[in-house]
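The structure appears right after this line, and notes come after that.
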Amino acid sequence: MSTEQRRRPFPFDQFEPKWQRVWDERQTFHVLNPGEPGFDASKPKYYVLDMFPYPSGSGLHVGHPEGYTATDIIGRFKRMSGFNVLHPMGWDAFGLPAEQYAIKTGQHPRATTEANVATFKKQLQAIGFGYDWQREVNTTDPGYFKWTQWIFLQLYNSYLDPILKIARPMKYLEDALSEEPKLQHEWQESGWLLTLHDMFKGTDQSDLIERNRLAYISHAPVNWCPELGTVLSNEEVIDGKSEVGGHPVDRRPMRQWMLRITAYGQRLIDDLDGLDWPESIKMHQRNWIGRSEGATVMFTVEGSSEKFLVYTTRPDTIYGATYTVLAPEHFSIDVITTDEQRAVVREYREKAASKSDLERSELAKEKTGVFTGAFAINPVSGERIPIWVADYVLPSYGTGAIMAVPAHDERDWEFARKFALPIREVVSPEPRLGLGGGGVCDAEPLEVFCGEGFAIHSGPLDGLPTSEAKAEIIRRLQETGVGKSRIQFKLRDWLFSRQRYWGEPFPIVWENGKHRALDESELPLLPPELLDFKPTGTPEPPLSKATDWVRYSDTATRELNTMPQWAGSCWYYLRYIDPTNNERPFDRKAEQYWMGANIPPYPKDPAKVRSELHKMLEYCRARHSGERHRLALGYVDETAARAIREATGVDTRGMFHVLDTYAINHINKTHGAPIIEEPRGQIAVTDDDYEMIPSVLAAPDRIINAGKSHQGLDVLCFVKQVNGTIFVVEEVRAAKNTLSIVTMWKKKGTASDADIVACSSTSKTLRSPEVLTHFGKPVKLELESADMTAPEYRDSRKVGASPSPGVDLYVGGTEHAVLHLLYARFWHKVLFDLGHVSTPEPFQRLVNQGLILGEDGQKMSKSRGNVVNPDDVIKEYGADALRLYEMFMGPLEATKPWSMSGVEGVFRFLARVWRLVMEENAEGEWLPSTTLQDIPMDKATAKVVHATIKKVGEDIEALSFNTAISQMMVCTNALTSANPRSREAVRLLVTILGPFAPHLAEELWERTGGTGLAADQPWPGYDPALLIEDEIEMPVQVNGKIREKIVVKKDATQPEIEAIAKAAPKVAEAIAGKEIKKLIVVPGRLVNIVVG
RNA sequence: GCCGACAUGGCGAAAUGGCAGACGCAUGGGACUUAAAAUCCCUUGGAGGGCAACUUCCGUGCGGGUUCGAGUCCCGCUGUCGGUACCA
């Protein structure tokens, strides 16, 4: 026993399990929901989330605990700082790897999953993470996937409103179809129905519904992986191979479920701006969504009635189009191909069709193609240009056809050179006036130029810079009806079905060739118990083997596909909020609390709010001398602020949102619950002429845009005119048939010289070109904006300085930069549109932990033999040392190699902390240290302890854990040399060490006579007065070189410092006989003397 | 090719435009010990000078610039890593 103990510099192996047991028994980290007895509503919320693991058979590796330790430190710290902290953990247990592992080991996936979860949980608990295990979720649990299926039904039963660009229940569309005359009357004024009506015209109703579902059936070619026996989403295919396993992937048409994520492309891009995410991840998502602005242009085929559309981002180069190219899959090819070319075209198309994506991209180096024999007419020049077929044009992007401008596109250039097609320069990097700039020039350029410049040889465009040339040609195309501006996305709809066993079955049945949804009461739909769940080797899903299960009724059979692994991980963070709810996916009140429904993105201190408010009022008064306004101020939400910023160039950060109190009261009354409440801060400022509102409402209007308020309500924007005053009015559709005024912009005078008085919160309205052009000039907003670089704003953006809307902090690896994070945002937005969640974005702040490499600096892998197992580290050095080392390695986001001797370093540090309290006698037993005494801290001790409290707190907020730990090391080194040693000082150190090394902290807290748990202690404050030095050492530079250091009193005046500096011997020597040109004193920092 | 990130001792790394290298690892030396382990103390960017206290010069990938002052800001390179690839 004693020899065993002697080998351990401190008995972590005894007290670590002990405290883990105590936390578990007392449920220390369980947090209550609003409404539960004992819930403290006065505390702000903090939701800190880990990317939940996929419980693989090999258990945790040291990469897992890195992010988990970071969130655990934050969670424990926020708890100590007075927050209600939601810090949960769960299991992403459906999916391909689990099924393959089960097949390999010959067990049922449920059995392997359960075993793996048990292993993972045990491992995580051994590290002492403060998770609320009562909120554990598992995506394979029927109580969980019941609601995954429910969300699928929400998608299935929703459509994207063509005007509002938001998801709405399919019922609205059905109602609109059945009650068309009634709605026509009701909605006519809003200008809304017209568009809807256009949409219905000449269309079969049920077909219209099917075509508008957010979850729909497609027969388009999909990525089929024969090896895995399933289809894969675009996101899961990399370089023509499956992301899992790297197997080849074909394209073949199959009947599949798709989710209409493309409908959210713009919003998924726009809303990134307001998120506190790494810029690289945002960029990644933007690139993936791939928005581009351009135009579609109609080309007619010579001697035929056939026409085809091309898409181009450079319509300004249309005069340089010397041929066109159709994708091999293009449906016009059969019609236009001439007889003499028919054989060669058919052969080319067949070859292209048989190529997999992989082959198509592998052979990309060399362009191929064939001439159709047909010619198209360039709609602007009337020129006759050949139509080619080539596989460098993709069928699934744009219109599947291009106009080729070889002089200004690298791919077209390459193709034209290979097939000796003409190349015509129509853009010049420099403006070319007169000579050679106009007319048609046949001299071919020597190289391709893809940049922007000035149009040449382009008829009416000649001389225009590229951007203007684009606008001008689009205007002309639209005028003549041959072209249109168009925004195009790379993003494709999400292929949502898999031919696998281990996934959520679709709550869908098929009858007479038509699909319909199961009723909510039939959920969860369990998968059948299958002994043989291997892939069939054909596109027939394994569920087809469960013949009894498949039969739903005499005439109906079940959908055989299952959902992909991403389904469960798209919403798990919402289920943590209320994980055992059987009635709903989560309680609405709990969701509002934990997702921070009413928290403004930029919290401010009250004094600042008041002063901003007065500025706003002054502004309004100045604009409308003598008029009285009733205003209420809230915060501008980020989307609105951004929209204004984009539209006007005005820095809107910190700007206020002006609301009409009439509207607030009205909407609160009609909507039931208060929508806008403190701290959004409605403050009536003066009386208003809002008696006018009824007449404004009654006035005829013109709809100019529609969007969504951040409370999740539909908003229509109108322009109205009353007695010569133009009003911009927003109406909110709180529920069907309910109209309420929420926000009013008022504008005086004529349309050409008016200014907007105040702005609303709806980004779509503000962003729309209609709003901007309506006023004849850009909207001008001259509100004084707050300086967001000021400390109070900067600090507010740091972790946990205040709660934020959505998950406050989400930590995980970069591997989910597009897939999980894009899918989850999409689902969240749908749920938001449908009113199930309160925020448009799920994760306010995202941090990627860096990769941990092996000791050899290589990626950890079994084959390299450099994998570090956390269990071994815990056995040897304890969980606290593991946690501390993971945080001490370097910045959280950096890639860094593991080092066992580094672990030993922090282990020694922990042992030193232990010995602050305990000492070993000759027999090797640990006894309370006699050095530790109940004495007040001396000045030096107090200083280092308080400096440590300050720095550690600040560093945790900034996720700068490595520097926090180094400061605690400094403090420990200082306390080690103290004799006698102040008990108070040690206990303060132990308290702040708690989030990092919780076991040791609890043990020492107890041993230094603390009551309760260290984890429950409030985070200690520090006394700034103790940190100020009486005397400051300042370096003195002469011409930027340090000559000497001087010591001055902390309150020394500038002249005093100057005199001392000049008198210092080395300095005096250096400046002797020279003219002092300049003397800079940076108080508390340094002195620099510039001599000539 | 394009996009993004990064570049500081032997190593992991610190440094609101203000003393480069905090803290840790590893080195070398010392104390305790019969010895070892553990622990404690000191040393350590490079080059040079002094018996010494000490001291001089050079140093943050390369080249410029802004500044009294640059690892930090700007311009131009080079290299490493990550992502992506016919998206018109």
Side-chain angles (χ1 to χ4, degrees), chain A residues 6-9 238-239 278-284 286-288 290-292 294 310-315 317 325 327 360-361 363-365 367 390-394 396-405 408-412 414-415 450 488-492 789 791 794 814-815 817-818 850-851 857 884-885 888-891 893-906 908-909 911-912 915 920 924 960 962-970 972-973 976-977 1033-1042 1044-1045 1077-1082 1084-1091:
Chain A
R6 275 178 78 96
R7 274 200 282 120
R8 304 229 182 262
I238 294 165
D239 286 341
E279 208 42 56
S280 62
I281 301 286
K282 291 190 186 182
M283 195 62 71
H284 220 117
R286 284 193 198 102
N287 289 345
W288 186 264
R291 181 186 195 272
S292 69
V310 303
Y311 174 70
T312 177
T313 51
R314 291 295 298 270
T317 62
V325 187
R360 220 157 139 162
S361 61
L363 302 170
K365 314 233 151 46
K367 297 254 178 308
D391 67 3
Y392 82 90
V393 174
L394 305 176
S396 48
Y397 183 78
T399 58
I402 61 158
M403 60 174 208
V405 186
H408 305 292
D409 182 283
E410 269 185 52
R411 294 149 303 180
D412 297 344
E414 222 178 284
F415 192 81
C450 302
Q488 177 71 36
F489 295 94
K490 278 199 270 187
L491 183 70
R492 311 289 153 77
T789 59
R794 208 178 51 228
T814 8
E815 66 273 20
V818 282
L851 200 63
L884 210 62
Y885 176 64
F888 187 63
M889 291 170 84
E893 288 161 277
T895 303
K896 47 217 174 254
W898 185 267
S899 155
M900 249 347 156
S901 48
V903 181
E904 248 167 280
V906 295
R908 278 203 281 269
F909 159 67
R912 286 161 69 92
R915 287 197 307 270
E920 203 173 9
S960 184
N962 52 336
T963 52
I965 294 167
S966 82
Q967 180 62 35
M968 289 189 284
M969 287 172 167
V970 169
T972 302
N973 291 345
T976 297
S977 51
E1033 193 189 56
M1034 288 174 79
V1036 181
Q1037 298 181 335
V1038 177
N1039 285 352
K1041 280 193 176 167
I1042 291 166
E1044 184 140 15
K1045 288 171 186 173
K1077 284 187 173 168
K1078 204 166 181 179
L1079 205 155
I1080 293 136
V1081 177
V1082 185
R1085 284 290 184 182
L1086 56 52
V1087 180
N1088 192 7
I1089 303 171
V1090 186
V1091 295

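By convention in this document, chain letters (A, B, ...) are assigned in the order of the sequence lines, proteins followed by strands, and residues within each chain are numbered from 1.
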Quiz item: A:Lys367 side-chain donor-acceptor pair to B:rC86 base, under 3.5 Å: yes

Under 4.0 angstrom, heavy atoms only, what part of the nucleic acid is [X] near: base, sugar-phosphate, or nothing?
| X | answer |
| --- | --- |
| A:Lys896 | sugar-phosphate |
| A:Ile1042 | sugar-phosphate |
| A:Asn962 | sugar-phosphate |
| A:Gly398 | nothing |
| A:Gln1037 | base |
| A:Val1082 | base |
| A:Ser292 | sugar-phosphate |
| A:Pro891 | sugar-phosphate |
| A:Ser899 | nothing |
| A:Asn973 | sugar-phosphate |

Under-4.0 Å side-chain N/O to phosphate OP1/OP2 contact, [X] with [N]:
| X | N | answer |
| --- | --- | --- |
| A:Arg1085 | B:rC68 | no |
| A:Tyr397 | B:rA88 | yes |
| A:Thr976 | B:rC40 | no |
| A:Arg912 | B:rC40 | yes |
| A:Asn1088 | B:rU67 | no |

Interatomic distance, [X] [atom1] vs [N] [atom2] [rounded to whole Å]:
| X | N | atom1 | atom2 | answer |
| --- | --- | --- | --- | --- |
| A:Asp391 | B:rC86 | CG | C1' | 9 Å |
| A:Ile1089 | B:rG18 | CD1 | P | 20 Å |
| A:Met969 | B:rA14 | CE | P | 14 Å |
| A:Met889 | B:rA13 | CE | C1' | 12 Å |
| A:Phe415 | B:rC86 | CZ | P | 16 Å |
| A:Ile281 | B:rU84 | CD1 | P | 11 Å |
| A:Glu893 | B:rC6 | CD | P | 10 Å |
| A:Leu1086 | B:rU67 | CG | P | 19 Å |

Face-on cation placement of A:Lys367 at A:Tyr392 ring, 6.0 Å and 45° thresholds: yes

Closest-nucleotide 5' rank along RNA chain B - winner of A:Ile1080 and A:Val1087: A:Val1087

Aromatic plane relationship, A:Tyr311 with A:Tyr397 - under 30° parallel, 30 to 60° tilted, over 60° perpendicular: perpendicular

Base orientation of B:rG9, syn vs anti, 90° cut from 0: syn

Partner nucleotide of B:rU27 by Watson-Crick or wobble geometry (both distances under 3.5 Å): none

Base-pairing mate for B:rC2 - Watson-Crick or G-U, with both contacts under 3.5 Å: B:rG83

